[in-house]
Amino acid sequence: MLSLSGLAVAGLALFSQVSATILQNGQVRETSFPDTRIDPSASSFRTYPANATEISYKGRWDSKHVSWWSAPGIKFGYTGRTVAISFGNLTSDGVLVGYRIGGLDWMFTNITAGATHLLVSPETPGSDQTGPINPWTFELRVTNWAYGVQIDAVHVATGEKLIKLPDFGRRIEVIGDSLASGMYTTYEGLSSFGYGLGAGLGNTEFAVTAYPGICAADQNCWDIPRGQSHQWFYTSDMSYRASVIHGENPEPWDFKKHPAADIVVINIGTNDNNEANNVSTEAYIDGLAKIIQGVHGKWPEAQVVVMSLWLGFYQSGNTYLPEAPQGWVNEIYEMVKWFNSDAYLSNPIVYDGVTKKTSKTCKKAKPFVHHFNTTGILQHNDIGPQWHPTDVGAIKVASHLQQFIRIKFDWDLYATGPEVFHETLYWNDQSGY
Ligand SMILES: *[C@@H]1O[C@H](CO)[C@@H](O)[C@H](O)[C@H]1NC(C)=O
Ligand SMILES: *[C@@H]1O[C@H](CO)[C@@H](O)[C@H](O)[C@H]1NC(C)=O
Ligand SMILES: *[C@@H]1O[C@H](CO)[C@@H](O)[C@H](O)[C@H]1NC(C)=O
Ligand SMILES: *[C@@H]1O[C@H](CO)[C@@H](O)[C@H](O)[C@H]1NC(C)=O
Ligand SMILES: *[C@@H]1O[C@H](CO)[C@@H](O)[C@H](O)[C@H]1NC(C)=O
């Protein structure tokens with residue numbers, strides 16, 4: 001879903017200031033993000049270019065090292081107590097990023113296009129800790145789903161070095177719209193259920209290929225010109241920024257160069273289901289099927305989890321009830337059953353959104369599509385006035401998905417301590433009132 005105010009934000013010019021006030025329940029959240037800009041000529045660094053093999057890129061980044069979609073990031077190991085990053089001029093000026101050492105709390109700063117930012121120094125809390133995570137790790141994530149950064153170079157102190165971190169052994173991708181991308185949560189992508197699922201599972205590589213307003217069907221929704229059944233096959237999202245940087249020629253995502261996801265969670269259709277976008281049931285089901293057939297074609301071993309859709313709630317007499325209809329509940333369930341039928345599995349079809357070819361795979365497929373029933377997870381106060389999960393709502397969706405994945409696929413929950421959702425520490429410090 002996307003409101004008019006969201007569209008206005010998404011339409012801001014690329015090279016203008018992109019900062020907006022962070023609100024919680026309509027009130028301004030107090031933030032004191034440090035200004036981390038430095039003059040790089042005044043420091044002595046060992047510098048690594050953006051294409052250094054020591055730097056791991058998480059989520060989708062293009063050939064110019066520009067980030068796309070929700071919560072993209074970089075991660076590397078380092079020695080010493082200094083990490084600085086120079087950002088290219090294709091950075092959204094002023095964009096808010098979260099960054100952290102090891103599993104400690106996220107810190108935030110606004111990035112200036114073309115500037116160098118000192119993100120770890122001897123004064124940074126935790127920079128003097130020597131374990132238990134070794135080598136010491138640095139991770140950065142972009143918070144907003146429409147803005148991005150361009151990595152130009154990474155610096156450590158003279159005599160120190162970057163260390164390539166091996167990827168975790170399992171990988172998850174979330175395909176969606178504003179709901180998964182974190183629109184209207186306080187730290188946007190870093191408060192989203194898409195990010196929370198991947199980070200919350202722990203020891204898991206994750207990507208959140210989600211963008212507000214986008215439909216499954218390849219048609220214009222809320223002025224987003226292409227649907228996920230097309231755009232998922234590309235590196236960049238549907239932001240105004242993408243049209244400026246890539247114009248008519250977005251880079252197809254190079255599936256051969258990047259490892260396959262083991263599990264793909266799909267939550268899409270709320271925009272298709274909105275009357276304003278005039279998407280027929282046939283067009284939606286065709287779009288969703290193409291996304292699943294695209295995933296199956298690119299990653300034949302991936303398990304796909306299709307989430308049922310939900311809307312908000314309304315007061316009915318002395319309680320609250322879900323808005324209805326919630327969006328093709330039966331059609332989605334029937335589609336999952338169809339993907340698991342002998343008819344489909346003996347003759348599986350895969351789809352490539354770039355070449356547009358629909359073709360048949362030659363080998364028999366095993367069932368790989370699962371249904372995740374969202375009914376009963378969210379209550380009326382888990383959905384904000386703009387019809388999106390609150391921070392708490394996003395945490396609930398992520399937590400339920402984690403348990404579903406743990407039980408269904410026998411994935412252990414490996415995150416047993418690191419911070420996932422920043423500034424969600426609400427508690428009572430008085431014992432009697
Ligand atoms: C940093 O970005 C956030 C989110 O857009 C904004 O609230 C804050 O005012 C910005 N701070 C500065 C110093 O630009
Ligand atoms: C990085 O890019 C430079 C300049 O294009 C090139 O010479 C170098 O080989 C690249 N390094 C890696 C590791 O790809
Ligand atoms: C961005 O940087 C590149 C290389 O550093 C330069 O060639 C280009 O002119 C710059 N573009 C803008 C808009 O400043
Ligand atoms: C909605 O879609 C139908 C079928 O594609 C078309 O005939 C109709 O003109 C569309 N309506 C609007 C308002 O775009
Ligand atoms: C989803 O869960 C609700 C609540 O338990 C239930 O009524 C509904 O039948 C379920 N849908 C499917 C397709 O299992």
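Remember, it's 1-based here, ligands and their atoms both numbered in the order they're listed.
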Point to revise | 4.5 Å side-chain heavy-atom contact, Thr209 and Tyr234 | key: no

Point to revise | Heavy atoms of other groups near Tyr333 OH, more than 12 under 6.0 Å | key: no

Point to revise | Any non-hydrogen protein atom less than 4.0 Å away from atom 5 (O) of ligand 5 | key: no

**Study point:** Heavy-atom neighbours of Asp342 CG exceed 12 at 6.0 Å
**Key:** no

Practice item. Could you tell me whether the side chains of His155 and Ser86 share a donor-acceptor contact shorter than 3.5 Å? Key: yes

Point to revise | Distance-only N or O hit between ligand 1 and Asn110, under 3.5 Å | key: yes

Check your understanding: Do any nitrogen or oxygen atoms of Ala20 lie less than 3.5 angstrom from nitrogen or oxygen atoms of ligand 1?
Key -> yes

Practice item. Might you check, step by step, whether the distance between atom 9 (O) of ligand 5 and some protein heavy atom is under 4.0 Å? Key: no

Exercise for review: Give the atoms of ligand 5, by number and element, whose distance to some non-hydrogen atom of Tyr333 is under 4.0 Å.
Suggested key: 13 (C)

Check your understanding: Which atoms of ligand 5 have any heavy atom of Asn373 under 4.0 Å away?
Key -> 1 (C), 2 (O), 3 (C), 8 (C), 10 (C), 11 (N), 12 (C), 14 (O)

Review point. With a 3.5 Å cut-off and no angle check, do the side chains of Ser308 and Thr374 form a donor-acceptor pair?
Key: yes

Review point. In a check of side chain to side chain donor-acceptor pair (under 3.5 Å) between Thr79 and each of Lys161, Glu160, Arg46, which one passes?
Key: Glu160

Review point. Nearest protein heavy atom to atom 2 (O) of ligand 2, by residue and atom, and its distance?
Key: Asn51 ND2, 2.2 Å

